[in-house]
Amino acid sequence: MDSAEFHAAVYETVRLIPPCRVTSYGHIAKLIGMPNHSRHVGQALKFLSPNTNPPVPWHRVIGASGAISSRGPGTQGAQRQAEALTAEGIEVSTGRTGDLRIDFSSWGWFPQPGEITREGGREYEPEEVAS
DNA sequence: TCATTGACAAAGG
DNA sequence: CCCTTTGCCAATG
């Protein structure tokens, strides 16, 4: 599997995340079958151009700690992601250090690699996704 | 080529 | 909880 296929696999998998649910980079990597490529899931999302068709709900992917990953000092990417999540109805809280976090016990989505279509994996209409 | 960078994760203290 | 260390590997310079 080359990198282009990897990126495509990431997008397809992220697209399966139901609304009002979030998962982690590492779990996406696991679902693809490459559990040690969590960092590259983030890269794939970074390369994602806005307004893709079909839409990819990139905002539903956060770090395994439950925190929205920083895009680096002085950037607003994390804030934008938080806005997209709250717009969906997901609660985003702010920790002491100003980190944006989400409660996995309430919003987490971590299916095993076989039970995806059963659980609720379906495709979403463009208007359902902010992107 | 070689070195550095990450939208990461798990384990240890 | 927090912080540090270690493993990871495509992309970037």
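Below, chains carry the letters A, B, ... as their sequence lines are ordered, and counting in each starts from 1. Bear in mind the structure is a predicted one, so any value in this text is a computation, not a measurement.
Of the candidate nucleotides B:dA7, C:dA11, C:dC9, C:dC9 has the atom lying nearest to any side-chain atom of A:H37. Nearest to the side-chain atoms of A:N36 among the listed nucleotides C:dC8, B:dA9, B:dA7 stands C:dC8. In this structure, the nucleotide among B:dA7, B:dA10, B:dG6 sitting nearest to the side chain of A:R39 is B:dG6. Which of C:dC9, B:dA7, B:dA9 sits closest to the side chain of A:S24 comes down to B:dA9. Considering only side-chain atoms of A:S3, the nucleotide from B:dG6, C:dA11, C:dC9 that sits closest is C:dA11.
Taking atom CD on A:Q81 and atom C1' on B:dC8, their separation rounds to 14 Å, with Å as the unit. Look at CG on A:D2: it is 12 Å from C1' on C:dA10, rounded to the nearest Å. If you measure from atom CG of A:L45 to atom P of C:dA11, you get 14 Å, rounded to the nearest angstrom. In this entry the distance linking CD of A:E5 with C1' of C:dA10 reads 15 Å, nearest Å. A:Y25 has its OH atom 19 Å from the P atom of C:dA10, to the nearest Å. Protein atom NE2 of A:H7 is 15 Å distant from nucleotide atom P of C:dC9, rounded to whole Å. Nucleotide B:dA7 holds its C1' atom 13 Å from the CD1 atom of A:I102, rounded to whole Å. Counting to the nearest Å, the C1' atom of C:dG13 and the CD atom of A:Q43 are 14 Å from each other.
Among the atoms of the strands shown, only primed sugar atoms or phosphate atoms (P, OP1, OP2) are found under 4.0 Å from some heavy atom of A:G26. Using a 4.0 Å heavy-atom distance criterion, A:T97 is classed as making no nucleic acid contact. Nucleic acid contact class of A:S38 (heavy atoms, under 4.0 Å, all strands): base. Nucleic acid contact class of A:F6 (heavy atoms, under 4.0 Å, all strands): none.
A:S65 has no side-chain polar atom (N or O) that falls below the 4.0 Å cut-off from OP1 or OP2 of B:dA9.
Between A:H37 and A:F6, the ring planes are tilted. Angles from 30° to 60° get that label. A tilted orientation is assigned to the rings of A:F47 and A:H7, their planes being inclined by 30° to 60°.
Residues A:R101 and A:H40 each lie close to DNA chain C; by heavy-atom proximity, the contact nearer the 5' end of the strand is made by A:R101.
Screening A:R80, A:E88, A:Q81 for a side chain to side chain donor-acceptor pair (under 3.5 Å) involving A:H59 leaves a single residue, A:E88.
Looking at A:R15, its side chain never comes within 3.5 Å of a backbone N or O of A:V56 through a donor-acceptor pair.
A:I68 and A:W58 are members of different hydrophobic clusters when ILVMFWY side chains are connected at heavy-atom separations under 4.5 Å.
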